[in-house]
Amino acid sequence: MTEAVLGAMSGLRVIDLTRVLGGPYCTQILADHGADVIKVEPPAGDEVRDWGPPFHEEDAAYFIGINRNKRSIGLDLASEGGRLVLLKMLETADVLIENFKPGTLEKWGIGNDVLSKKFPRLVHCRICGFGADGPRGGNPGYDAIIQAMTGMIAATGSPESGPMRIGVPLVDITTGLYAAIGILMALSERQRSGQGQFLETTLYETGLAIMHPHTANYFMHGKPPSLTGNEHPNLVPYAIFPTRTDNIFIGVGNDGTFRKLAKEIGKPELGTDPRFARNKDRIANREALRAELAAVFSQHEAEPLCNRLLAAGLPAGPVQKIDQALTNPHTIARGDVIEKDWYKGVASPIRLDRSKPSLRRLPPKFSQHSQEVLGEFGYSKSEIDAMVEKGTVCGPERKR
């Protein structure tokens with residue numbers, strides 16, 4: 001991620017009212033690619049600032065990891081003065097993104113019915129747990145709870161472990177990705193129509209949407225997935241195997257690849273064995289094949305074996321810890337870790353040829369840019385000082 005490059009989203013102004021993970025993850029995607037993201041925080045700040053240790057000064061690593069390239073202003077939207085400042089900022093904004101409980105903006109008199117009339121070109125994105133309607137409409141949503149409710153936890157784990165939560169906040173992160181995609185779709189449509197629109201991305205629908213292939217399998221045969229641990233319900237071999245040094249993961253997607261794997265590991269007869277020749281045969285004889293492959297892999301060291309298999313075009317990789325992944329030669333060669341002063345982060349995975357992402361700003365301190373941002377919207381220093389004194393705009397101290 002290079003510095004001082006005009007990104008693909010340069011010229012786009014985003015007013016970001018979101019907190020926690022899904023919304024900030026979305027707006028960091030846009031910010032990395034040049035959007036001017038103004039992070040509007042409540043007087044208590046984004047609560048993720050407290051989700052530590054570890055901390056950098058007062059801010060948790062959890063916050064640091066999803067809020068670079070943004071400017072922060074603390075604003076009390078529960079006050080009339082705070083809402084007037086927000087409306088002033090929306091006059092030149094392209095996108096408003098928020099994750100308030102449905103009905104909150106309406107209670108404050110600035111719901112989408114008002115905003116769409118006042119700012120017809122505005123793209124208004126809401127991230128919420130379940131949406132505004134339906135039996136759970138308006139209920140709060142949390143990643144792990146949605147994992148539980150959409151079948152994700154029930155499909156994850158082994159018979160020995162029982163159902164397990166996925167170890168990364170997959171629902172929150174994917175909701176952020178869907179929100180970014182939806183915003184870009186709405187902006188694209190705006191180029192044709194000249195009109196903005198409201199879009200909603202919910203954690204619940206995201207959880208259901210990413211349950212592939214389990215939903216497709218269920219629609220086909222009517223059976224819920226069983227716990228298969230690291231095994232794949234539709235493919236064999238697709239699992240972890242021990243070697244003489246570390247574990248490796250082998251993933252085979254078709255019969256030709258399996259025959260090639262069998263030949264590469266010196267067991268070509270496995271590729272024509274009637275128990276293993278076709279994927280459906282390998283599924284029926286999963287344990288027998290596992291024993292055959294485990295016996296071979298146990299004679300090799302993980303890294304050289306995976307390097308040889310990958311070079312041959314076969315899907316194999318060592319099971320690495322995060323420190324190994326972040327210091328891997330390929331990670332370094334691709335520039336996947338970015339640094340600026342004290343900050344380190346993972347670079348944007350969206351690599352455009354000309355409009356490259358950039359690291360322009362470190363994650364902001366709470367309300368760090370209040371004077372700067374409000375000045376850009378025409379407020380004088382005395383007006384800003386008066387709003388800070390009144391509590392409409394926040395100074396650098398959060399109201400915990």
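There is a path of hydrophobic side-chain contacts, each under 4.5 Å, that joins L208 to L170. Under a hydrophobic clustering in which Ile, Leu, Val, Met, Phe, Trp and Tyr are joined whenever their side-chain heavy atoms come within less than 4.5 Å, directly or via other members, I29 and I97 fall into different clusters. Residues V296 and F258 share a hydrophobic cluster, clusters being chains of Ile/Leu/Val/Met/Phe/Trp/Tyr side chains in contact below 4.5 Å. Taking hydrophobic clusters as Ile, Leu, Val, Met, Phe, Trp and Tyr residues chained together by side-chain heavy-atom distances below 4.5 Å, V20 shares a cluster with I173. L75 is connected to V373 through a chain of hydrophobic side-chain contacts under 4.5 Å among Ile, Leu, Val, Met, Phe, Trp and Tyr, so both are in one cluster.
Annotation: R308, atom CZ; neighbour count of heavy atoms from other residues, nucleotides and ligands within 6.0 Å is above 12. Within a 6.0 Å sphere centred on NZ of K101, other residues, nucleotides and ligands contribute 12 heavy atoms or fewer. Counting non-hydrogen atoms of neighbouring residues, nucleotides and ligands closer than 6.0 angstrom, the NE2 atom of H221 exceeds 12 such neighbours. The number of heavy atoms from other shown groups lying within 6.0 Å of CE (M164) does not exceed 12. Residue Y142 qualifies as open at atom OH: its count of foreign heavy atoms under 6.0 Å is 12 or below. Summarising the local packing, OH of Y218 is surrounded by 12 or fewer heavy atoms from other residues, nucleotides or ligands at distances under 6.0 Å. Other residues, nucleotides and ligands place more than 12 heavy atoms under 6.0 Å from the CD atom of Q324.
Ring geometry for Y204 against F130 counts as tilted: the plane angle lies between 30° and 60°, on a 0 to 90° scale.
The pair R49-D59 meets the salt-bridge criterion, since a charged nitrogen lies less than 4.0 angstrom from a carboxylate oxygen. The pair K70-D36 does not meet the salt-bridge criterion, since no charged nitrogen lies less than 4.0 angstrom from a carboxylate oxygen. For the pair E106 and R126, the salt-bridge criterion is met [side-chain N within less than 4.0 Å of a carboxylate O]. Look at R190 and D94 and you find a salt bridge, because one of the NZ, NE, NH1 or NH2 atoms lies within 4.0 Å of a carboxylate O, short of that distance. No salt bridge links R398 with E58; every basic N to acidic carboxylate O contact stays at or beyond 4.0 Å. A salt bridge links R361 with E372; the closest basic N to acidic carboxylate O contact falls under 4.0 Å. Comment: E376 engages R13 in a salt bridge, judged by a side-chain N to carboxylate O separation of less than 4.0 angstrom. Using a 4.0 Å cut-off between charged nitrogen and carboxylate oxygen, D255 and R259 do not count as a salt-bridge pair. A salt bridge is absent between R19 and E41; no separation between the charged side-chain nitrogens and carboxylate oxygens falls under 4.0 Å.
Residues C306 and P318 meet the side-chain proximity criterion, which asks for heavy atoms closer than 4.5 Å. The side-chain heavy atoms of L96 and L115, taken from C-beta on, include a pair separated by under 4.5 Å. Contact check for I73 versus L374: side-chain heavy atoms found under the 4.5 Å cut-off. Residues T150 and L203 are not in side-chain contact: their nearest non-hydrogen atoms beyond the backbone lie 4.5 Å or more apart. Counting only heavy atoms from C-beta outward, the side chains of R68 and P364 never approach each other to under 4.5 Å. In this structure, the side chains of P363 and I64 come closer than 4.5 Å at one or more pairs of heavy atoms. Side chains of I240 and V319 form a contact here, defined as non-hydrogen atoms less than 4.5 Å apart. Between F100 and T18 there is no side-chain heavy-atom pair separated by less than 4.5 Å.
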* **Derivation of the side-chain contact (heavy atoms from CB on, under 4.5 Å) call for I250 and F297** => CA-CA 11 Å; I250 300 292; F297 295 147; 3.9 Å; yes

* Start with the C-alpha gap between R244 and H300, add the side-chain angles, then the distance that decides, and say whether side-chain contact (heavy atoms from CB on, under 4.5 Å) holds. => CA-CA 6 Å; R244 201 161 63 204; H300 295 268; over 6 Å; no

* Stepwise side-chain contact (heavy atoms from CB on, under 4.5 Å) check, L187 with V95 -> CA-CA 9 Å; L187 290 171; V95 177; 4.2 Å; yes

* **Verdict with reasoning, R275 to D281, per salt bridge (Lys or Arg N to Asp or Glu O under 4.0 Å)** => CA-CA 5 Å; R275 296 175 297 167; D281 302 321; over 6 Å; no

* Asked: Under the salt bridge (Lys or Arg N to Asp or Glu O under 4.0 Å) criterion, do D143 and R165 qualify, and how do the steps go?
  -> CA-CA 10 Å; D143 180 277; R165 178 182 69 88; 5.2 Å; no

* **CA sep, side-chain torsions, deciding dist, call: N247, Q320, side-chain contact (heavy atoms from CB on, under 4.5 Å)** => CA-CA 8 Å; N247 289 330; Q320 300 184 136; over 6 Å; no

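In this structure, R290 forms a cation-pi arrangement with F241, its terminal cationic atom sitting closer than 6.0 Å to the ring centre and no more than 45° off the ring axis. The cationic atom of R282 (NZ for Lys, CZ for Arg) does not lie both less than 6.0 Å from the six-membered ring centre of F276 and within 45° of the ring axis.
The structure places CZ of F198 at 11.0 Å from CG of L122, a figure rounded to the nearest 0.5 Å. If you take CG on L21 and SG on C26, they are separated by 11.0 Å, rounding to the nearest 0.5 Å. Distance check, rounded to the nearest 0.5 Å: SG of C125 to CG of L199 gives 4.0 Å. The distance from atom CD1 of I110 to atom CZ of F119, rounded to the nearest 0.5 Å, is 9.5 Å.
When all heavy atoms are compared, the tightest approach of G131 to P102 is O-CG, 3.8 Å. Counting all heavy atoms, side chain and backbone alike, D76 lies closest to G391 at CB-O, 3.7 Å. In this structure, G378 and E383 approach most closely via the heavy-atom pair O-OE1, 4.1 Å. The two residues A144 and I153 come nearest to each other via the heavy atoms O-CD1, 3.8 Å. Across all their heavy atoms, P233 and P213 have their closest contact at CG-CG, 4.5 Å. Between V388 and G395, the closest heavy-atom pair is CG1-N, 4.2 Å.
A donor and an acceptor atom, one from each side chain of K223 and N217, are nowhere located under 3.5 Å apart. If you check the side chains of S116 and H124, you find no donor sitting under 3.5 Å from an acceptor.
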